[in-house]
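Below is one structure; the comments refer to it alone.
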Amino acid sequence: MNGVHTTPRAGRRASRHDARDGARTGARTGQGVRPGILSSMRLSQLFFTTLRDDPADAEMPSHRLLVRAGYVRQLGAGIYTLLPLGYRVAKRVEQVIREEMDAIGSQEMEMPVVHPADLWKETGRWYAIGPEMARFKDRGGHDMVLAMTHEEVVADLLRDIVQSYRQLPLMVYHFQTKFRDEPRSRGGLIRVREFVMKDAYTCDVDEAGLDVSYQKQYGAYARIFERLGIGAVAVASDVGMMGGSQAHEFMFLNPAGEDVLVLCEKCGFSSNRQVARTRASEPPAEEPLPLEEVETPGTATIADLAAFLGVDAERTAKAAFFVADGERFVAAIVRGDMEVNETKLVNAIKASTLRAAQVDEIRATGMVPGYASPIGARGALVVVDELVARSSNLVAGANREGYHLRNVNIPRDYTPDLVVDLSSAREGDGCPTCGSPVILRNGIEVGNIFKLGTKYTTALGANYLGEDGLEHPIVMGSYGIGVGRAVACIVEAHHDEKGIAWPAEVAPYAAHIVAIGAVRDPKVAEVADGLHALAAASGREALYDDRDESPGVKFTDAELMGMPLIVTVSPRSLAAGGAEVTVRATGERSVMPLSEVEALLRG
RNA sequence: CGGGGUGUGGCGCAACGGUGGCGCACGUGCUUUGGGAGCACGAGGAUGUGGGUUCGAAUCCCACCGCCCCGACCA
């Protein structure tokens with residue numbers, strides 16, 4: 001019995017063990033839906049609940065809405081359960097990714113979550129990676145790791161399987177759970193510790209081959225984010241701990257994003273601020289003037305100093321101090337109006353970690369915090385921004401409390417160990433390609449692509465025999481997309497004050513059928529049941545609100561949950577000639593004859 | 001790891017030294033059915049954990065744990 005019209009509250013009373021009508025088709029495999037996922041569902045049966053209030057600990061819209069609408073629940077810091085609705089969305093997202101990966105010839109497989117540590121010791125990452133990698137011992141006392149990524153495993157497979165250039169190029173990918181023990185998770189699904197990632201790996205004979213594979217992946221990524229409804233911009237990025245020669249990040253523009261992007265609206269230049277090299281105002285060419293010490297009491301900041309001396313911050317040099325890899329003391333010098341870009345610094349000195357120096361460490365080198373400069377410093381690696389090196393007659397610290405030096409010039413007054421681009425791009429700086437002022441925006445990284453090169457294959461001896469009869473290391477690339485993070489970004493991009501509005505491509509169900517007034521009018525239940533059964537039979541996913549709830553509750557939940565189409569069946573709609581169809585995203589609503597609604601539900 | 005918050009029923013909150021309440025949600029019954037309905041009855045809590053102060057602690061003190069936000073860090 002499907003009894004909405006025969007028994008009040010049928011939805012609530014119905015035993016969950018009842019064999020339902022044809023609408024419940026667990027065995028059916030609809031298009032794009034994997035076996036085991038019901039292609040259609042009654043809300044009276046669904047494992048979910050909606051919340052009237054925002055959860056107190058959720059701030060971002062995606063977090064609030066996904067919890068309120070019954071898609072996810074938090075288990076611990078940065079650890080989430082995907083409830084049936086959320087799991088369906090994740091599967092839809094995965095399917096989009098899968099189709100685009102398959103389309104460029106990438107082969108799906110599955111690699112383990114738990115790895116023997118030996119493999120990670122071989123590449124050195126066992127030692128290089130800090131506490132963000134979870135480690136444990138198995139019962140035999142062997143070191144094991146929870147995988148953060150899978151370069152090691154792929155390279156290990158390559159050395160076993162690939163012998164000849166004839167087996168290349170090759171692209172593989174998988175969806176797998178990663179665990180990264182983040183020092184701080186945040187933002188709901190945006191930054192978590194356990195998450196499913198699609199990671200793909202390309203394997204080529206040489207750099208030229210890698211370029212081709214990289215471009216294929218780049219194209220696939222663009223199509224994926226297009227289909228997912230995430231307006232992601234590709235930006236040049238740092239290669240970081242992954243190593244390699246070139247990398248892009250696909251960024252979803254959002255104020256809550258943790259990365260800062262440098263964008264040029266005129267020519268389309270885009271880069272992560274970590275590596276962006278913009279043009280600042282050039283220093284005037286001047287003849288070096290004699291060095292002169294001036295008393296500057298209480299001017300430990302550039303702003304105070306500039307005001308005290310009546311000069312522009314641009315005419316000063318400032319020093320920032322770091323300790324690299326826990327041992328090397330580094331003095332980084334940039335112009336007073338600019339900031340040190342730590343990524344550029346760490347790359348320039350080929351360090352792997354960088355931390356701010358303590359005051360006593362600074363004093364130990366003979367420098368005076370607030371009045372510091374490399375002049376008279378000892379034991380510090382002096383790294384100078386190229387703009388400072390080109391400037392004449394700057395004001396710098398005198399390494400004496402309350403004093404600065406005027407007319408400091410390189411190399412007359414001190415000798416840098418290194419002159420590099422060291423400053424952080426600023427809003428309004430000149431675009432490196434066209435010169436127009438750049439803008440800064442925050443972004444969330446939803447995908448990344450890296451040219452890895454031979455770092456891992458060399459370490460593991462994953463070589464192939466070339467046409468030339470010689471062994472060469474396989475050239476790899478690595479390509480990731482966080483599935484849960486993508487889901488959250490989709491919600492960020494597709495919601496309003498009422499709730500989520502899923503793009504059709506990723507919606508857990510295509511339509512949300514709402515029956516209103518079924519108790520009073522048996523015809524309503526009959527029609528709604530019929531539409532639901534039809535949708536199910538045609539493999540089109542539909543959600544059917546058969547609960548005995550008031551209209552307000554049903555409408556509110558439907559809008560919160562966000563299926564693309566809301567189909568309302570009520571005495572009123574029947575009197576008007578059919579069912580009312582509301583497009584969730586636009587609010588556009590119209591009464592359509594049942595035959596048309598049926599066609600819609602058939603897909 | 002620093003800084004700031006916060007832990008009370010499924011969710012949101014109140015009670016701030018004297019036997020823990022409210023709204024929503026939940027159960028039962030009746031009424032109600034186009035925008036989070038009404039009435040009645042009802043179930044559900046070692047107030048994060050452990051110490052301490054006190055005649056008496058959800059409340060004050062200490063420690064620990066969890067969670068959130070900012071920063072450091074990180075993909």
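Every heavy atom of this structure was used, including side-chain atoms; hydrogens, water molecules and symmetry mates were not.
- Across all strands shown, A/E59 has heavy atoms under 4.0 Å from sugar-phosphate atoms exclusively, and none from any base.
- For B/A75, the base is not stacked against the aromatic ring of A/F450, per a cut-off of 5.5 Å between centres and 30° between planes.
- Nucleic acid contact for A/E559: base, since at least one base atom lies under 4.0 Å from a heavy atom of the residue.
- Nucleic acid contact class of A/G482 (heavy atoms, under 4.0 Å, all strands): none.
- Of the P atoms belonging to B/G44 and B/C1, the separation is 41 Å, rounded to the nearest Å.
- For B/C74, its base never sits under 3.5 Å from the side chain of A/R184 at any donor and acceptor pair.
- Side-chain N/O atoms of A/R68 and base N/O atoms of B/G36 include a donor-acceptor pair closer than 3.5 Å.
- For A/R52 against B/G23, a side-chain-to-base donor-acceptor contact under 3.5 Å is absent.
- A salt bridge is defined here as a Lys NZ or Arg NE, NH1 or NH2 lying under 4.0 Å from an Asp or Glu carboxylate O, and A/R355 with A/E361 meets this definition.
- A salt bridge is absent between A/E339 and A/R426; no separation between the charged side-chain nitrogens and carboxylate oxygens falls under 4.0 Å.
- Base contact: A/R589 has a heavy atom under 4.0 Å from a base atom.
- Among A/F47, A/Y87, A/W502, the single residue meeting the ring pair (Phe, Tyr, Trp, His ring centres under 6.0 Å) criterion with A/Y71 is A/W502.
- In terms of polar N and O atoms assigned as donor or acceptor, the side chain of A/S570 comes within less than 3.5 Å of the base of B/G34 in a complementary pairing.
- Both A/Y80 and A/R485 sit near RNA chain B, but only A/Y80 has its closest nucleotide nearer the 5' end.
- Residue-to-nucleotide contacts include no donor-acceptor pair under 3.5 Å from the side chain of A/E249 to the base of B/A75.
- With both pairing distances under 3.5 Å, B/U54 is matched to nothing as a Watson-Crick or G-U wobble pair.
- Put simply, A/T556 has no side-chain N or O that comes within less than 4.0 Å of OP1 or OP2 on B/G36.
- The same atom, C1', is picked in B/G52 and in B/U59; the two are 15 Å apart, to the nearest Å.
- Two rings, from A/F450 and A/Y201, have their centers 6.0 Å or more apart.
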